[in-house]
Asks: 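I am attaching a structure below and will ask some questions about it afterwards.
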Amino acid sequence: MSNKPRSEGGFILNEPQPKIKNGSTRKSVKVSAKQFPARAQREKINRLLIMHDLHTDVTERFTGKDIDLLKQIALEGSISNNIPAFRYNAIQKLAAFPTAAILNTLHHLANFGEDHFVRSKALLALGVSGIELSIPVIARSIDSDNILISNAAQKALIRLINNLGVERVRQYFKSDSSLNYQVLERMMEPKPARSLQLTSVS
Amino acid sequence: MKNKTSINQTKIVDQLSAGRYSALDTPAFKPLSFVNSSIQQIVKLTGINENTAAALSEFRKKYKDNQPHEIPFSLFFDEENSQRLKRCLLYQNDQRTIITNVEPTDKRIMSDNKFSLRVSFTGDIANAPLLVSIRVSWKGSPFIVEKLITKQSAKKEYADILFDKQQTLPVGPAVFHVTLYNSAGGQSSFRLTCYILPSNPFSLDLSPNSNFVTGTFSARVVKQGANFGVAINATLSNGNSFAVNMNTSFQWKFWDGGVGGSLIESGTGNFGGTIRVPAFGTWGGWMNFSSPPGSGIFNKFNGKEDLTIEIIMTKSDGTAVTGTITARTMFRFGVNLTQVSPRDFVGQQNNDLQDAIAVTRSIYERTDVSFNIDNRFIPDDRVGGFEVIDTFNEPRDLWEQWSGPDTNNNIDAFITHVWIDGQYDGMDGDIPGPTSHWGRSSGIVADKAAFTDPGGNPRLHVEYLGMLIGHELGHYLGLAHVSTANNLMLESSDTNDTTITYDQYKTLIRHGWVTID
């Protein structure tokens, strides 16, 4: 912590600071942006992919030029050892550019992603996309044995219903005999009121 | 003196090798080519079963030109085997360049000497030149060393990064965060911790109790019942090519005004057993001091004074070696660390969560602010839809239903899958958060940062989760977003962004739930 006085809040801090041979700084050696321009775009996207709170004043935006790199990040996999938020949020951002190729990628990830974390993120992204064609993959995932995938699929379907309207989603379910209509009806049932007294934790 | 400080507990701390010193380091892993590797090689790497291996040959012919997300492994293989194949292999037109290992070229790093790190990689080198960037966290201010790797050099699939005489390091842990970029925008990361061994050639160093983050900071003094307690780690490091035997007993002294100032109290302790510091290796011990009311040390800490702890150990030949650290009381708050549904924390993920909160604590203790933890969970059968939070209202519903009870004045921190509106991985109730457990603002949520490692184990990203919890706690304690580089409160703070400034310190210590012993 820089510039902290040796006495604050009534503390008496009179012990000597630890000494480091050759001082507490070392010389950095950096490669300029001109020498390696690809990093600048990657760093901009990285910054936009990790946002922690809703009260942000975003000055940078994704553009169409970023789609290829977003797709690449979405597919980086855990062997890249990058923080998971990069690829999960890249999956989500792809939903804002719902071209046929992007939707195919999201469908592939929802069906065959490398683990249930990736698959659940792809399902949520398909929900955000608001595209009717995503209904089958989402609907089939609701009955998954994996709780995370099932939960994500339910939330994705709610997003789609909010975007498309419940009647349109109902019509889609009725027109596709491979879909379990009961899944939709189950979700439309009124939920019991949540208890407000659930305070016992261990 | 009637009331005296004593050591009420010691223990030996397991050590890893000096060249790969932390359990948080990235394991070496080399993915294979889906198309060009032999079936035997793939079986060995991925651990897929024999029946799967037999089917793989035909399957590969059919899908050799596809990208991994397009290959329907799960239609041909069971879930576990298909996921292993997807995670561990590189495919046609794969634009990933993966760091497979980082290690000191001389197996170890000696203090105050030049050294180099070998960064090994595989995958796409067509998109060379590559850029290696290494951020070094050590006792002093972090610094960066970068190197461009030409297309020709990239063919070797490794690069040696030199740290010259202006970048030598002192004895102690140093963390190297290595990032590799290719020209197509691909990025791969790797973390390596080395214990820098003494060239002189033997050293004793003291550090705070949970020293996950490098840097120089104070040991935390806490109330343990009526007493003040302080726990520290002692690390012996050996730069010799032969092992060194030590006496198990040691002397301790608490000084006011540094070593040679006023001696407040002193005594002896014993680690028991035998102490043998291996050649080019380390030995670790842990000790807890307890100071009752009326003791000299208690009186100093009660008066908010800091003290210097000196530990003196002796080799079996009688040579003494000493180490020092500052100890002080700190401002303190509490955190109710709540797993939202324990069934969603599998295997190593439970340890990862505790490691992550230790990272958070280190971030705050470098600022001389600490916190206590109360571990909690929301039972699986009562968790409702909170296992996945994707809207702005859900965190507030969560706090309204599950914050509290008012048995302590801790901040409620809920850890679950958070993906609010597809972009926000954390949220706090208010800036600052309330000093009650009522209403729709009394808590924070943070995304688990969950993933599956190449070995197939569900994990949490410890450094990122630790930073994210710290960021959200910062909001609750009154800190707004800033744009200062490497600050914890950046709106896009990453694992390297952990600084808290003095002005921020002055803000957070004024929160109503921050106290001092």
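Note on naming: letters A, B, ... go to the chains in the order of the sequence lines (proteins, then strands), and numbering restarts at 1 for each one.
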Asks: For I147(A), is it the side chain, the backbone, both or neither that has a heavy atom under 4.5 Å from a heavy atom of chain B?
Replies: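 Contact with chain B: side chain only.
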
Asks: Taking every non-hydrogen pair under 4.5 Å, which of P170(B), A450(B), G258(B) racks up the most with chain A?
Replies: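 Counting heavy-atom pairs under 4.5 Å, the top option is A450(B).
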
Asks: Pair D421(B), R159(A) - check salt bridge (Lys or Arg N to Asp or Glu O under 4.0 Å), show working.
Replies: CA-CA 10 Å; D421(B) 217 21; R159(A) 288 258 179 186; 3.4 Å; yes

Asks: Return yes if a side-chain donor-acceptor contact under 3.5 Å exists between N14(A) and D256(B), otherwise no.
Replies: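 Result is yes, a qualifying pair exists.
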
Asks: Parallel, tilted or perpendicular: which describes the rings of F331(B) and F11(A), with under 30° parallel and over 60° perpendicular?
Replies: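 The rings of F331(B) and F11(A) stand perpendicular, inter-plane angle above 60°.
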
Asks: Would you kindly check if the NZ (Lys) or CZ (Arg) of R39(A) is within the cone defined by 45 degrees around the ring axis of Y181(B) and under 6.0 Å from the six-membered ring centre?
Replies: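 Yes - R39(A) lies over the ring of Y181(B), closer than 6.0 Å to its centre and within 45° of its axis.
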
Asks: At a heavy-atom separation under 4.5 Å, does E79(B) approach chain A through its side chain, its backbone, both, or neither?
Replies: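 E79(B) touches chain A through side-chain heavy atoms alone.
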
Asks: When you look at D115(A) and Q83(B), which way does the side chain to side chain donor-acceptor pair (under 3.5 Å) test go after all the steps?
Replies: CA-CA 6 Å; D115(A) 60 24; Q83(B) 291 193 0; over 6 Å; no

Asks: Side chains of D53(A) and H471(B): do they bring a donor and an acceptor to under 3.5 Å?
Replies: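 The answer is yes; a qualifying pair exists.
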
Asks: Can you confirm whether the side chains of T326(B) and E15(A) place a donor and an acceptor under 3.5 Å from each other?
Replies: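 Result is no, nothing qualifies.
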
Asks: Would you mind checking which part of N46(A) comes under 4.5 Å of any heavy atom in chain B, side chain (CB onward), backbone (N, CA, C, O), both or neither?
Replies: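 Just the side chain, heavy atoms under 4.5 Å.
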
Asks: What is the minimum heavy-atom distance between Q72(A) and Q95(B), and which atoms define it?
Replies: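 Here Q72(A) and Q95(B) meet closest at OE1-OE1, 3.0 Å.
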
Asks: State whether a side-chain donor-acceptor pair under 3.5 Å links H52(A) with S493(B).
Replies: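 A pair is found: one side chain offers a donor N or O, the other an acceptor, under 3.5 Å apart.
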
Asks: Can you say whether F86(A) sits under 4.5 Å from chain B via the side chain, the backbone, both, or neither, judging by heavy atoms?
Replies: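 Contact with chain B is through the side chain of F86(A) alone.
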
Asks: Name the region of K93(A), side chain, backbone, both or neither, that has any atom closer than 4.5 Å to a heavy atom of chain B.
Replies: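 Interface part for K93(A): side chain.
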
Asks: Can you tell which part of F29(B) gets under 4.5 Å to a heavy atom of chain A, answering side chain, backbone, both or neither?
Replies: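 Contact with chain A is through the side chain of F29(B) alone.
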
Asks: Relative to chain B, which segment of F117(A) carries a heavy atom at a distance below 4.5 Å: side chain, backbone, both, or neither?
Replies: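 Just the side chain, heavy atoms under 4.5 Å.
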
Asks: Which residue out of I99(B), T26(B), D112(B), V145(B) racks up the most heavy-atom pairs below 4.5 Å with chain A?
Replies: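 Heavy-atom pairs under 4.5 Å are most numerous for D112(B).
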
